[in-house]
Each structure stands twice: as structure tokens, then as C-alpha cells.
**Q** 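Before anything else, here's the structure in question.
Small disclaimer: the values here were computed from a predicted structure and weren't measured. Numbered from 1 within each chain, the chains take letters A, B, ... in sequence-line order.
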Amino acid sequence: MDVRQHLRSALAAALDGAGIGTEPEQIGIERPGNPAHGDWSSNVALATAKRAGRNPRELAQELADTLNADPPRHVTAVEVAGAGFVNFRLAPSWLHDVLAGIVDAGVGEFARSAVGAGSSVNIEYVSANPTGPLHAGHGRWAAYGDSLARLFERCGYEVTREFYVNDRGTQMSLFGASLTARKAGEDPPEGGYFGEYVVEWAQEMPADADPVAWGTERAHLDQVEVLASMNAEFDHWASENRLAQSGAVEAALAELTEGGFVYESEGATWLRTTDFGDGQDRVLIKSDGQPTYFLPDIAYHQQKYSRGERLIDILGADHHGYVSRMTAAMQMLGHPADSYEVLIGQHVTLIRDGAEARLSKRAGQMVEARDLVELAGADVARLTFLLQSIDTTQTIDVDLVVAESSENPVYYVQYANARVHSLARQAARRGVALSPLAEVDLSVLTHPRELALLRVLSELPDTVERAMLARAPHQVTTWARECAAALHGFWHDCPILRDDIDEEVRQARMWLVEATRIGLGVSLDLLGVSAPESM
RNA sequence: GCCCCCGUAGCUCAGUGGAUAGAGCGUCGGUUUCCUAAACCGUGCGUCGCAGGUUCGAUUCCUGCCGGGGGCGCCA
């Protein structure tokens, strides 16, 4: 049982003695920011005093007295502070237990949660049109989506990573026409694609190729390659063409009609999305007989439920108006409202040569994701996207990221990992063997740096679960930076292999380093960043 | 006009219903007979945009306003 649960049940018992029944899960246990407030703290007296008709400070004192009379394991003192906080002071032994637990779990099991066991989730992200390379802004969705998927997996979910290829519609005809025009040495048509890559691709294109089919495949391969270089791989590539040929679109329309949600007006076919909170009804089939993008999209999402009981779409801020209509459609098809979730990410602004770079494929002159990866490196590119919340717009000065790549936080974290591995190499070279953990006395780990590092390591399981629930992989980045900082501080002040270090201390410290290796390994994997053994 | 996101240190950003709000960069100054100094340590006079409200307690939740970004098509 972890410390938090341990303290919760102790408090629950004490509350029971005071005549207050409380579910242990509802007792707040947190890590105070200020060390003077102990190792763990509970606000339970403040939270329940009113309901119990008690003075919070007195209630807290009563709880503290009860707990001090028969202290829970590891607890050395229970104190009352402030308006009625119950603060616990723990012996370092609780952190030594944490260390043993981490080593026992290993990279495979540490910070793994079972909250999602038996559930499946389908995450769709990037889904760029197959009309050109990915621009740097797409990199944010690739990094975010993939790390979110890894978080879900770590929490026990079965995950499908999905990319929807819109290989159909007017933009494809324009793309094909642009390739044909460039091939003939002419300018693309009105509304066509003016990017430099179209000129290059047109030269590659065989004379007898179908420009649309060839261009789609060319763009797709280009995108797959860049995504793979960023460590973002997909399980399922959905094609709008195949969807249309399968009859799924007609089936979806039939089902909506059967449900009574469809009506005709002004020659068009509408969906009454206002029934489910949308601001206005939406057109499914235009008066010219052509379906809007919305109808096949509904069919596509309906189909996705066969690849996950929960659907998550990751979209850019310009698509937020899309949320209410698709949510409405999914409910019309009988899916629970909370089974469909759209995560809206704010946009990336790219600065290059001191000026804002355009991200439009049609206008040309864009910064490609490929450029960013080649200039800054895959790890820097990926972690840069995962430094901040997707709720904030991100400004990336490409020149700055490249120029300062050696100062990038990714190296700070990777260097910590490299140090961990260099210890093993040095130990081997000096003939220092690591004794089995069971034979090592961890209680010698009492240096503030050792305890600080252990505290950080103890927080990874909570961090992972919180990051998954908040759909916020950047919280793992923050943790990894804190872990690296704690390791570097420990490294500086706590020598291990030096001759004057006691063998007992050396062994305990080597196991602490091993636990750090596990923590860093788990977090870097979640972030999709490599964990180099030397730098 | 309506909808979504943001507004925290000089800059870029974390963070939390709690008790003295943090990190990186930048500035200035230190640390190595020792496991890679890609490191460590010190150095910050912040109205947590403004005004109300809820609460024992709000920077965090709610409402309004101001400022920035995005969106409101029989486009996708």
C-alpha cells in the first residue's frame, strides 16, 4: 500500500473514533510545498468540521492526539498547524520503501496504473490532407497525440492511434491539377497549390501517372516518414475514399433519417443538430446533390467506434466550431455523450528569420516539420512541443531553437540519463559489483539530496495518472525536468565510486541511481524521446 | 453579437481550492585533487489582467469587464 492510502486509512479510523464517518477516498492528502509543514498533510479537519459542527482546529488536535497515541508506520509526529491542517512527519524509511518498490516494479511496471484496464480508446490526430508535407505546426499534434496515447497505455487502456486521410474531394482535384500544371511548366490553377514542393514532386511524377493517385501516395509517404522520425507511429490509416466505397456514408444517413433527425429544406438535406445543443442545424447534402464534408465525417466516426469504445479527436483551434455538431451526431447514433471527446489545441506560430512564417500549404513558403527535425533533431523537436499545455498558443522561433539546441531542456534530462548509465560503466571498470537489493541497507540514505531525489521519484505514479486524466502530457515533461534536477543535485553532492565512500553507502546510492534510471526511462518513453546511455 | 483558449518574474512558460506562488533563459557572482562542468550553488520589491461573488480559505471555482489569439459557410 502506498503511503497516501496508508495515511488515509489511519485518518479514517481516527475520524471514526471522533464520531465522524468518512470514506477514506474522500480524505485529502497532499504534499505541502513548505517542508516546515511536514512530509504529508491533510485538510480533512477543515473540510469536515462544519458538517460535524466542530471547530476545525480542535478537531484536528483530537485527530492528531489519537494518531500520536499509536502512530501509523513511518510516522514520527502528527502536528496541527494553521487553521486546522493535520501534518505528518515521516521517517526517511517511507522513501526507502519507495525505492525498493520502484526497483521491484522496473521500467515495465513502475508508474503503471490499472484505471483503464478493460477499456479501449481510439485517438485520432494530425490527419493532415494528403496534399503536401506536414508543416511544423502538425508536429505539435504528432508529439501531443502520440504521448497522450502512451499515457493511456501506461494507465491500462487498449489504444488505437488513428490518422484520417481525406483523399477525396475538391482539394484533391486541385492538388492533382497543380501537379499536372507544374509538370507542364505552368502555374497551378486558381485556388491550387503553389508550394515549392509541388514543383519538385511534379518532376518526380511519371508522365503516365494519375496525378491525384500518385500525388496522394507521394504526400502520404512523405508524412509517414516525418512522423516516424518524430517517433509517432499509427495503428490505423483511414481513407475517406475507402469509406465512401464501403457504403458507410449511405448507412449513416439512413440511420440518422430513421431516427427522425433529418429534414429537407431549400433543396438541401439537413441534420437537426440543434436538438443536441448545436447553435444551428447543419447541411448533410447540398442542394446540388453533393454531400458536405460533414456527412462522410459522421460515417467515419461511427465506424471508429469499432476500433475503440471511447473516441478522442485532437484538432486545432480553428476547428472548435465542429465539436458541437459532431457531438450531436454521435448522440443521434446512440453513443453516450461522454464517449466522444474533442481536444482542441491552440496553434503554433513559427518565427523564422525574425518573421512569422506562414503555415498554409497553398500559399507556399512554409516551415515543414521535416525542416524542424533536420535542423534541431528529433528529440529537441518533439520535446519542444511537449513543454507547454496545448491550451496555450506556442511560439517557436526556429532559429532560436536551433541555435540554443544545446540548452534545450531535452539535453538536461538526457544528460541525467547518461550520467546514470555512466555510473554503471565506471563501476564495471573499477570492479565495483552491485549487491542484491535485499542485502543492501537503504537506511543509510539520509542526505537531503538523496531524500529529495526519492521524493521526486515517489511522485511519478501520481503524475502519470493525473497527466492522463487531464490529457496533459506536458506534466510528464515537467516531472522529467524535476527528476533530472534532483539527480544532478544528488550527483554533485553525493559521490558514489570515490575511494573514501563507505561500501554500505555506495551500494545504497547505486540502487538509488538504478531507481532513477527506471523513473527517467519511464518518463522519456512516455514523451517519446530517446534515452541515450552516453552523450 | 455569439462560442473556445490564453492573460503568473525582464523574456518563455510551469503550478495549486489552502498555510512564505515556482522553473528555464537572461544578469551578476561563486563551485572541480572527486563517477562527463551538457552539472551544481547564490542572486528576483510578481498588484498571479481588473471588479464583484461563492468559501473557514481564491492566483486556482462562478459572473461581468478589459487585452491577445482562434472560430462563427449549402468550404474542409
**Q** When rounded to the nearest Å, what value does the distance between P atoms of B:rC28 and B:rG22 take?
**A**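 Taking atom P in both B:rC28 and B:rG22, they lie 26 Å apart.
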**Q** Short of 4.0 Å, heavy atom to strand atom, which residues of residues 510-523 of chain A count as contacting RNA chain B?
**A**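 When residues 510-523 of chain A is checked for heavy atoms under 4.0 Å from RNA chain B, there are no hits whatsoever.
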**Q** Please give, in whole Å, the distance from B:rA76 P to A:R168 CZ?
**A**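 Taking atom P of B:rA76 as the reference, CZ of A:R168 is at 10 Å.
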**Q** Under 6.0 Å between the ring centres of A:H37 and A:F85?
**A**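 No, the ring of A:H37 stays outside the 6.0 Å limit from the ring of A:F85, centre to centre.
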**Q** Do any of residues 496-509 of chain A sit with a heavy atom less than 4.0 Å from RNA chain B, and if so which?
**A**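 A:I496, A:L497, A:R498 - these, ordered by number, are the residues of the stretch whose heavy atoms sit under 4.0 Å from the strand.
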**Q** Between B:rC48 and B:rA19, how far is it from one P atom to the other, in whole Å?
**A**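 Taking atom P in both B:rC48 and B:rA19, they lie 14 Å apart.
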**Q** Any luck finding a side-chain donor-acceptor pair between A:Y263 and A:D281 under 3.5 Å?
**A**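 A pair is found: one side chain offers a donor N or O, the other an acceptor, under 3.5 Å apart.
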**Q** Please work out if A:P495 contacts a base, only the sugar-phosphate, or nothing of the nucleic acid, heavy-atom cut-off 4.0 Å.
**A**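 Contact class for A:P495: base.
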**Q** Scan A:S534 against the nucleic acid and name what it touches under 4.0 Å (heavy atoms): base, sugar-phosphate only, or nothing.
**A**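 The answer is base, as A:S534 lies within the cut-off (heavy atoms under 4.0 Å) of a base atom.
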**Q** B:rG15 P sits how many Å from A:W479 CH2, rounded?
**A**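 After rounding, the gap between these two atoms is 16 Å.
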**Q** Does the ring of A:F85 meet both stacking tests against the six-membered base ring of B:rA19: centre distance under 5.5 Å and plane angle under 30°?
**A**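 It does: the ring sits over the base of B:rA19.
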**Q** In whole angstrom, what separates A:N129's CG from B:rC75's P?
**A**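 Checked: the CG to P distance equals 16 Å.
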**Q** I want to check something: taking the side chain as every heavy atom from C-beta on, are A:L372 and A:V380 in contact at a cut-off of under 4.5 Å?
**A**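 No. Closest side-chain heavy atoms not under 4.5 Å.
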**Q** Encode nucleotides 40-49 of chain B as B, S and - characters from 5' to 3', where the letter depends on protein heavy atoms closer than 4.0 Å: B to the base, S only to sugar-phosphate, - to neither.
**A** BS--------
**Q** Which part of the nucleic acid, if any, lies within reach of A:H474 when heavy atoms closer than 4.0 Å are counted: base, sugar-phosphate only, or nothing?
**A**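 The answer is sugar-phosphate, as A:H474 gets under 4.0 Å only of primed atoms, P, OP1 or OP2.
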**Q** Would you say A:S147's side chain and A:Y144's backbone share a donor-acceptor pair under 3.5 angstrom?
**A**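 Between the backbone of A:Y144 and the side chain of A:S147 there is no qualifying donor-acceptor contact (under 3.5 Å).
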**Q** Between P on B:rG24 and CZ on A:R481, what's the gap in Å once rounded to a whole number?
**A**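 Answer to the nearest Å: 8 Å.
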**Q** Please determine whether a side-chain nitrogen of the Lys or Arg among A:D297 and A:R325 lies less than 4.0 Å from a carboxylate oxygen of the Asp or Glu.
**A**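 Judged by the 4.0 Å cut-off on N to carboxylate O distance, A:D297 and A:R325 do not form a salt bridge.
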**Q** For the pair A:E124 and A:K304, find out whether any cationic side-chain nitrogen is under 4.0 Å from an anionic carboxylate oxygen.
**A**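 Yes, this pair counts.
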**Q** When you measure from the side chain of A:D167 to the backbone of A:S239, do you find a donor-acceptor pair of N or O atoms at a distance under 3.5 Å?
**A**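 Checked: no pair found.
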**Q** In whole Å, what separates the C1' atom of B:rG71 from that of B:rU54?
**A**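 Each nucleotide's C1' atom is 32 Å from the other's.
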**Q** When you compare B:rU20 with B:rG24, how far apart are their P atoms, in angstrom units rounded to a whole number?
**A**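 Per the computed distance, 23 Å lies between those P atoms.
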**Q** Quantified in whole Å, what is the C1' atom distance between nucleotide B:rG29 and nucleotide B:rA21?
**A**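 That atom pair is separated by 26 Å.
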**Q** Should stems be defined as at least three consecutive Watson-Crick or G-U pairs with both distances under 3.5 angstrom, which of them involve RNA chain B?
**A**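 When the pairs of RNA chain B are grouped into runs of at least three, the stems are B:1-7 with B:66-72, B:10-13 with B:22-25, B:28-31 with B:39-42, B:49-53 with B:61-65.
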**Q** Less than 4.5 Å apart, side chain to side chain, heavy atoms only: is that true for A:I390 and A:R471?
**A**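 SC-SC contact between A:I390 and A:R471 ruled out.
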**Q** Looking for any heavy atom pair under 4.0 Å, which part of the strands does A:A418 touch: base, sugar-phosphate only, or nothing?
**A**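 A:A418: base contact, heavy atoms under 4.0 Å.
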**Q** Assert yes or no for the condition that the ring centre distance of A:F490 to A:H447 is strictly below 6.0 Å.
**A**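 So the answer is no for these two rings.
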**Q** Is it true that the NZ or CZ of A:R282 lies under 6.0 Å from the centre of A:W270's six-membered ring and within 45 degrees of the ring axis?
**A**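 Judged by the rule (NZ or CZ under 6.0 Å from the ring centre, within 45° of its axis), A:R282 is not positioned above A:W270.
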**Q** Could you work out the separation of B:rC40 and B:rU32 based on their C1' atoms and round it to a whole Å?
**A**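 Roughly 10 Å separates the two C1' atoms.
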**Q** A:Y415 side chain: which of B:rA37, B:rG70, B:rC74 is closest?
**A**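 Of B:rA37, B:rG70, B:rC74, B:rA37 is nearest to the side chain of A:Y415.
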**Q** Please determine if a side-chain N or O atom of A:Q475 lies less than 4.0 Å away from the OP1 or OP2 oxygen of B:rG15.
**A**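 For B:rG15, OP1 or OP2 has a side-chain N or O of A:Q475 closer than 4.0 Å.
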**Q** Counting only distance, no hydrogens or angles, is the base of B:rA19 paired donor-acceptor with the side chain of A:N87 under 3.5 Å?
**A**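 Answer yes: a donor N or O sits under 3.5 Å from an acceptor.
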**Q** B:rC2 and B:rA14: how far apart are their P atoms, nearest whole angstrom?
**A**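 Result for the P pair: 29 Å, nearest Å.
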**Q** Which one, B:rA76, B:rC35, B:rA19, comes nearest to the side chain of A:T292?
**A**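 Between B:rA76, B:rC35, B:rA19, the one nearest the side chain of A:T292 would be B:rA76.
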**Q** If only side-chain N and O atoms of A:K286 are considered, is one of them under 4.0 Å from the OP1 or OP2 phosphate oxygen of B:rC75?
**A**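 Checking B:rC75 against A:K286, a side-chain N or O does come within under 4.0 Å of OP1 or OP2.
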**Q** Are A:S324 and A:T273 packed together at the side-chain level, in the sense that at least one heavy-atom pair is separated by less than 4.5 angstrom?
**A**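 The answer is no, as the side chains (C-beta and beyond) never meet within the 4.5 Å cut-off.
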**Q** If the C1' atom of B:rG26 is compared with that of B:rG69, how far apart are they to the nearest Å?
**A**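 Pairwise C1' distance, B:rG26 against B:rG69, rounds to 27 Å.
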**Q** Given B:rA38, B:rA76, B:rC74, which nucleotide is nearest the side-chain atoms of A:S287?
**A**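 The answer is B:rC74, which lies nearest to the side chain.
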**Q** In whole Å, what is the span from the CD1 atom of A:I351 to the P atom of B:rG69?
**A**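 My rounded result for the distance is 13 Å.
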**Q** Quick one: does A:S41 reach the base of B:rA19 with a side-chain donor-acceptor pair under 3.5 Å?
**A**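 Such a pair is found, so the answer is yes.
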**Q** What is the distance from CZ of A:R282 to P of B:rC75, rounded to the nearest Å?
**A**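 Taking CZ of A:R282 and P of B:rC75, I get 13 Å after rounding.
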**Q** Distance-only, no hydrogens or angles: does the A:Q475 side chain make a donor-acceptor pair with backbone N or O of A:T463 under 3.5 Å?
**A**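 No, A:Q475 side chain to A:T463 backbone: no donor-acceptor pair under 3.5 Å.
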**Q** For every nucleotide of nucleotides 1-8 of chain B, 5' to 3': is a protein heavy atom under 4.0 Å from its base (B), only from its sugar-phosphate (S), or from neither (-)?
**A** --BSSS--
**Q** Heavy-atom nearest nucleotide on RNA chain B for A:W270 versus A:G321: which residue maps closer to 5'?
**A**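 Nearest nucleotide further toward 5': that of A:G321.
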**Q** What orientation do A:H135 and A:H138 show, parallel under 30°, tilted 30 to 60°, or perpendicular over 60°?
**A**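 Rings of A:H135 and A:H138: parallel, under 30°.
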**Q** Look at the side-chain N and O atoms of A:Y293 and state whether any lies under 4.0 Å from the OP1 or OP2 oxygen of B:rC74.
**A**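 For A:Y293, the contact criterion (side-chain N or O under 4.0 Å from OP1 or OP2 of B:rC74) is not met.
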**Q** Give the rounded distance in Å between these two atoms: CG of A:D318 and P of B:rC75.
**A**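 After rounding, the reported distance stands at 18 Å.
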**Q** Report all interatomic pairs (protein N or O, nucleotide N or O of nucleotides 55-63 of chain B) with separations under 3.5 Å.
**A**
unit_1: B:rC56; atom_1: OP1; unit_2: A:K50; atom_2: NZ; d: 2.2

**Q** A:L271 CG to B:rC74 P: how many Å, rounded?
**A**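 Atom-to-atom, A:L271 to B:rC74, this comes out as 14 Å.
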